[in-house]
Colleague: 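Quick one: the structure is below, and I'll ask about it shortly.
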Amino acid sequence: MPNSTADHVNSPWTLAIRAAADQGRPRRAIALYLSSFRSGAAHRPCPFALAAVLKSVSRLPVHTVATAAASFHAHLLRLGLLAHPYPHAALAHLYSRDPVAARSLLDETPPARGRAPHSLLVSRNSLLASLLRSGDLPAARALFDQMPVRDVVSWNSMVAGLAKAGRLDRAIELFDQMPERNAASWNAVICGLIAHGHLTRAREMFEQMPVRSNISWITMISGYAKAGDVQAAAGLFERMENKNDLYAWNAMIACYAQNGCAREAIGVFNRMLKPHVCVLPNEKTFSSVTSACSQLGNLRFGLWVQSFMVSLGIELDDHLRTALVDLYTKSGQIDRAFDLFKGLSKRDVVSYSAMIVGCGMNGKLNEAIGLFNEMSDANILPNAVSFVGLLSAYNHAGLVEEARACFTSMSSKYKIRPSMEHYTIMVDLLGRSGKLDEAFQLIMQMPMQPRASVWGALLLSCRLHNNVELGEVIASKCFEQAPGESGYYILLGNIYASANKWDKVRRLRKTMKERCLSKMPGSSWVLAE
DNA sequence: CTAGGGTTAG
């Protein structure tokens, strides 16, 4: 091993340590450094190797990071290498979760004689980012103003921080003052504009910027995705020349999956796997794809996706687990869903709601209530989806009183406005238990225009309880809302048939023929006749 | 050679 002071930068130890760090093997990088140090191979350890080691420390499990950071901090001090810009920056990055720690590191590293004013620039940029992440804009601004040297990264961080905090005017003002701009500068403003609902202005800047990076495209695509503008997102995606970017595919697949275009989501997924594209999916891709399978109820494809996932060695993170919980509960495999749910590293309102909805769908009332209470005990507030699950559990069990109480407390206690879905469940439950008038009243009280399916739930109840008069009224509402849907005609026909009103059945069939509606194969129409 | 701008679940 060479141990002359000039060679140690490119010594085999340094190369091995940096290689391990680059390959994402943090424990190996750290172990290699420790053995190089103990063996005395490097009388003066290489600062670049130390920077790589500190970077590796940041990839260790969170609880071990603080202790490791402190001991390497002391180690650097002892070696007289703390003020070296590279290990210093790596250490600053390690401390950047905690702005106080990052600040004290910089305070204890005073500007030494002969050191260039920019030598700790990267560390200061880290502290700046840390302050901005913690939301301390005044402190960030103060640091920015007193920095001896600022580069484009400092400016970008400041602009991004202001923009994300909604200080768009200040962000743009600063953006205009920048001595030099790169794609990230534009992206920072665009991202802020999108976050605060100025999608059109964001698009204008996007079209105006001189050079767009992939991040620019992806930021715009996901902006349109969140606004529900699938067309605009797809248009941009097709315009992208460099589609060799997993983030772009993930953004487009998520866009479709989140906006109810499950088939298109799977189409894009298939496209990214084609040999001429061949971008390997990750756990984020699979979260969206699993959600799409679940929306389609396509369990066969879902299972294929899962085996593909296993063959790629994809780890199940909490998002992916939650998507799988949803898929499995929809296919009635509630036990597998529960196993996945139990394996979550952290339960939140989304995962709880997925499991509660799954229990509701599968008639597991006690489990649904248990999960709801457990969630409350954990101080996680329920949301609209949690109540969809709970209400459908009560619906399944036919418990009218409990459902009514639940429906009421949703708005009074939890301040959640009932959606169409909640109303549909209540109408279905009230109707099935013979409270047809109450169900009708509830629909009339709805603050939104009832969809055909809400009336349809009540029409089904009219069929169950052979109520011709109300059935006719409800059916006309269904025809109004969904003129092309023959199912409601068939349902009304069944109501007439069960009351032996055959002339009305005949007239209805004639109307259907006139309106070019055919009866569905396998309907009970034939039996009724 | 670091630091800043991007993708996931009900």
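The analysis underlying the following values was restricted to heavy atoms, covering all of them including side chains, and did not include hydrogens, waters or symmetry mates. Chain identifiers are assigned alphabetically (A, B, ...) following the order of the sequence lines, protein sequences preceding nucleic acid strands; residue numbering begins at 1 within each chain.
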Colleague: What is the distance from CG of A/N242 to C1' of B/dG6, rounded to the nearest Å?
Modeller: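 Between C1' of B/dG6 and CG of A/N242: 14 Å.
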
Colleague: What residues, two or more places apart in sequence or in another chain, satisfy side chain to side chain contact (heavy atoms under 4.5 Å, CB included) together with A/N373?
Modeller: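 Side chain to side chain contact (heavy atoms under 4.5 Å, CB included) list for A/N373, sorted by chain: A/I369.
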
Colleague: Base of B/dG10, side chain of A/S353 - is there a donor-acceptor contact under 3.5 Å?
Modeller: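 Check passes, donor-acceptor contact within cut-off.
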
Colleague: Please verify the inter-ring angle class for A/Y86 with A/H84; under 30° counts as parallel, over 60° as perpendicular, anything in between as tilted.
Modeller: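 A/Y86 and A/H84: tilted rings.
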
Colleague: State which of B/dG4, B/dG10, B/dA9 makes the closest approach to the side chain of A/V349.
Modeller: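 In terms of side-chain proximity for A/V349, the closest of B/dG4, B/dG10, B/dA9 is B/dG10.
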
Colleague: Separation of A/N244 atom CG from B/dT7 atom C1', in whole Å?
Modeller: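 My rounded result for the distance is 16 Å.
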
Colleague: Where the side chain of A/A160 is concerned, which of B/dA3, B/dA9, B/dG5 is the nearest nucleotide?
Modeller: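 Of all the options, the side chain of A/A160 is nearest to B/dG5.
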
Colleague: What is the separation between atom CZ on A/F286 and atom C1' on B/dT7, rounded to the nearest whole Å?
Modeller: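 To the nearest whole Å, that distance equals 14 Å.
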
Colleague: Can you figure out which of B/dA9, B/dT7, B/dG6 approaches the side chain of A/C191 most closely?
Modeller: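 In terms of side-chain proximity for A/C191, the closest of B/dA9, B/dT7, B/dG6 is B/dG6.
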
Colleague: Is there a donor and acceptor pair closer than 3.5 Å between the side chain of A/D245 and the base of B/dG6?
Modeller: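 Yes, the side chain and the base share a sub-3.5 Å donor-acceptor pair.
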
Colleague: Looking at residues 211-231 of chain A, who's got a heavy atom less than 4.0 Å off DNA chain B?
Modeller: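 Hits under 4.0 Å, by residue number: A/S213, A/I215, A/I218, A/T219, A/S222, A/K226.
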
Colleague: Round to the nearest Å and state the distance from A/L50 atom CG to B/dC1 atom C1'.
Modeller: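 Rounded to whole Å, this separation is 15 Å.
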
Colleague: Has the side chain of A/N187 got a donor or acceptor atom sitting under 3.5 Å from an opposite partner on the base of B/dG4?
Modeller: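 Looking at the base of B/dG4, it does not pair with any donor or acceptor on the side chain of A/N187 (distance under 3.5 Å).
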
Colleague: Can you check the A/W155 CH2 to B/dG5 P distance for me, whole Å?
Modeller: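 It is 18 Å, rounded to the nearest whole Å.
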
Colleague: Quiz question: going by heavy-atom distance under 3.5 Å, is there a donor-acceptor pair between the base of B/dG10 and the side chain of A/N383?
Modeller: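 A donor-acceptor contact between them is present.
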
Colleague: Quick one: pull up OG in A/S386 and CD1 in A/I416 and give me the separation to the nearest 0.5 Å.
Modeller: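 Going from OG on A/S386 over to CD1 on A/I416, the span is 6.5 Å.
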
Colleague: Which word best sums up how the rings of A/F341 and A/F338 line up, parallel for under 30°, tilted for 30 to 60°, or perpendicular for over 60°?
Modeller: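 Plane angle over 60°, so perpendicular.
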
Colleague: Counting C-beta onward and ignoring hydrogens, is there a side-chain heavy-atom pair between A/S130 and A/D136 closer than 4.5 Å?
Modeller: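 No, every pair of side-chain atoms sits at 4.5 Å or beyond.
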
Colleague: Nearest to the side chain of A/R18, heavy atoms from C-beta on, is which of B/dG5, B/dA9, B/dC1?
Modeller: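 Selected nucleotide (nearest to the side chain): B/dC1.
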
